[in-house]
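Encoded as structure tokens, the structure appears first; notes follow it.
Chain A is the first sequence line, chain B the second, and so forth, proteins listed ahead of strands; every chain is numbered from 1.
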Number of protein chains: 2
Amino acid sequence: MAQSDTVDRILDAAEELFAERGFSETSLRMITSKAKVNLAAVNYHFGSKNALIHAVFARFLTPFSGTLEQAFDELEERCEGQPPTLNDTLWALTESAVRMPQRNERGIAIFMRLLGLAYTQSQGHLRKFLEQEYSQPFSRFMRLLKQATPQLSAVDRYWRIQFMLGATAFTMSSSDALRDILQNKTGVETSVQEIALRLVPFLAAGMQAEKTMLTPPIYGNFSVA
Amino acid sequence: MAQSDTVDRILDAAEELFAERGFSETSLRMITSKAKVNLAAVNYHFGSKNALIHAVFARFLTPFSGTLEQAFDELEERCEGQPPTLNDTLWALTESAVRMPQRNERGIAIFMRLLGLAYTQSQGHLRKFLEQEYSQPFSRFMRLLKQATPQLSAVDRYWRIQFMLGATAFTMSSSDALRDILQNKTGVETSVQEIALRLVPFLAAGMQAEKTMLTPPIYGNFSVA
DNA sequence: TCATGCATCAAACGTATGTTTTAAACAGAT
DNA sequence: ATCTGTTTAAAACATACGTTTGATGCATGA
């Protein structure tokens, strides 16, 4: 077969291993042996390990980027000039993520974990790549958030967005483990969609919390010595 | 000198480099050259790289664990039988962290980042070590959270605690980078204490959000095709 | 004083990594 | 049938890693 599925098999294996173990902790030999392809195939098709990492992200992020733009279009159209609410904006993002056609049911969880790792691990090349390739939908999301929370100062909004990002990336990235723990403790089954349903109200409430206090309520009562 | 400062120099260098680059991405040679000690000193004094990682955490976490227990004692004492509120519980934790005696002004930031990495990076040995050594204050914090949110179902509380953890770990794990970005954009300086001041109200509001909706408000209106 | 024990040092060990090279086989298009 | 791009195979490359070794220095206590 001239056009085989070697590239996809490499991407599948890399995606899963990166999500499980991180980038530095995953060797090309692990990837190629899981994908059942030759070691040299990675450098042949992608050029380098870093380029493979980029390709893993691009395979998901490029179609997602399109879906998201479309969802934002519909959202703004429906609001007819008025800025969309925070809830609607968050739901537009969530819906786009959840509705993305997945290779398997763990697709979103795997990718959320990868996004978290991209932020967390100090992979300079990755951050640069993501900023260059996907700045447009990201900026648009930021603009919508800004319109939806005019009561916040720029600094407050900045940090609260980071808190939202953190809660989302962290939870989704360990959603498998968290689901298992919950099921062992209470027998309750949870889908990624249900996690999102619980997450959005949490985020919206946090985002719209009362203005940040500049001192803790009982500051000074905790003296240690 | 029979009692040299080699051990502390290694711990200082390791702490800083781990926080900057992560564990796998930091080699013993980087650490020993930054600490200006011989390469073999790490294995001589600590036994292995993993044991060094544990020592870095223990140096901060052991005194912090004591401080935290004390803060919880005072908190419960002051409440005289009544369960402490969510706000007070979160502040007790935050205050204990912020008030820890630091080796330098970046001490908390560095250590928060390390805690974030401990969650994020898949260092099995680290997680095991932390669970074994510091399960007591962790369990106590969980119990306080449960008492402070009796209106939540166990499942809702479980997920919202994960959201809080995520927002905290993620933000702290990239706090240096986030601070730099904000400073470049707006010229605003931010201390770890200020981040905590902004984080706690966000968490408290999210934790106490209206009961989770079981369907998004406009579910079904986002059809893509 | 001198032997003991800890600390430090340069050097090497074995292993694993990303990458490259060579060769050979294979499929489809011209 | 020949050419082109794809894939496999095996091996080697240079480099970096964590760890170990054996010699050396050096303070302290007998």
Side-chain angles (χ1 to χ4, degrees), chain A residues 1-59 114 117-118 121-126 128-129, chain B residues 1-59 114 117-118 121-126 128-129:
Chain A
M1 30 183 165
Q3 169 86 339
S4 111
D5 53 351
T6 300
V7 169
D8 284 320
R9 296 236 304 285
I10 292 175
L11 286 173
D12 288 339
E15 183 177 281
E16 215 162 315
L17 285 171
F18 285 151
E20 279 174 15
R21 318 174 35 92
F23 304 109
S24 316
E25 294 84 354
T26 302
S27 71
L28 291 184
R29 283 167 178 83
M30 293 179 197
I31 295 171
T32 52
S33 101
K34 175 169 186 138
K36 286 172 186 158
V37 301
N38 189 270
L39 169 62
V42 169
N43 284 278
Y44 175 79
H45 286 288
F46 298 94
S48 70
K49 184 182 178 180
N50 280 353
L52 169 62
I53 296 177
H54 297 174
V56 167
F57 277 84
R59 183 169 63 151
L114 286 181
L117 289 181
Q121 313 221 148
S122 63
Q123 301 271 351
H125 66 97
L126 220 190
K128 216 166 283 177
F129 169 78
Chain B
M1 27 183 164
Q3 167 88 340
S4 112
D5 55 348
T6 301
V7 168
D8 284 320
R9 295 237 303 285
I10 292 175
L11 285 173
D12 288 340
E15 184 176 280
E16 215 162 315
L17 286 172
F18 285 151
E20 279 174 15
R21 316 173 38 88
F23 304 110
S24 316
E25 294 84 356
T26 301
S27 70
L28 292 184
R29 284 168 176 82
M30 295 178 197
I31 295 171
T32 53
S33 102
K34 176 171 187 138
K36 286 173 186 158
V37 301
N38 188 270
L39 169 61
V42 170
N43 285 279
Y44 177 78
H45 287 287
F46 298 93
S48 70
K49 184 182 179 181
N50 280 353
L52 169 63
I53 297 177
H54 297 173
V56 167
F57 276 85
R59 182 168 67 151
L114 286 181
L117 289 180
Q121 315 221 146
S122 63
Q123 300 272 350
H125 67 94
L126 221 190
K128 216 166 284 179
F129 169 78

OP1 or OP2 of C/dA16 versus the side-chain N and O atoms of A/S27: is any pair under 4.0 Å? no

On DNA chain D, more 5' by nearest nucleotide between B/N38 and A/R29 is A/R29

Hey, does A/T32 reach any base, or is it just sugar-phosphate, or nothing, if we go heavy atoms under 4.0 Å? nothing

Nearest-Å distance for atom pair CG/C1', residues A/N43 and D/dT8: 15 Å

Can you measure B/L39 atom CG to C/dC13 atom C1' for me and round it to whole angstrom units? 12 Å

Do A/K36 side-chain atoms and A/R9 backbone N/O form a donor-acceptor pair below 3.5 Å? no

Quick one: label A/V37 by what it contacts on the DNA or RNA (base, sugar-phosphate, nothing), any heavy atom closer than 4.0 Å. sugar-phosphate

OP1 or OP2 of C/dT8 under 4.0 Å from side-chain N/O of B/H45: yes

Do you know the tightest heavy-atom contact between A/F46 and A/V7? CZ-CG1, 3.8 Å

Please work out whether the ring planes of B/H125 and B/H54 are parallel, tilted or perpendicular, with thresholds of 30° and 60°. tilted

Smallest separation among heavy atoms of B/S48 and B/N43, with atom names: CA-OD1, 3.7 Å

Using a 3.5 Å limit on both distances, find every run of at least three consecutive Watson-Crick or G-U pairs that involves DNA chain C. C:1-30 with D:1-30

Answer yes or no: does a side-chain N or O of A/T6 lie under 4.0 Å from OP1 or OP2 of D/dT6? no

So, is A/Y44 near the phosphate of D/dT7, with a side-chain N or O under 4.0 Å from OP1 or OP2? no

Working to the nearest 0.5 angstrom, can you tell me the gap between B/K34 NZ and B/E20 CD? 5.5 Å

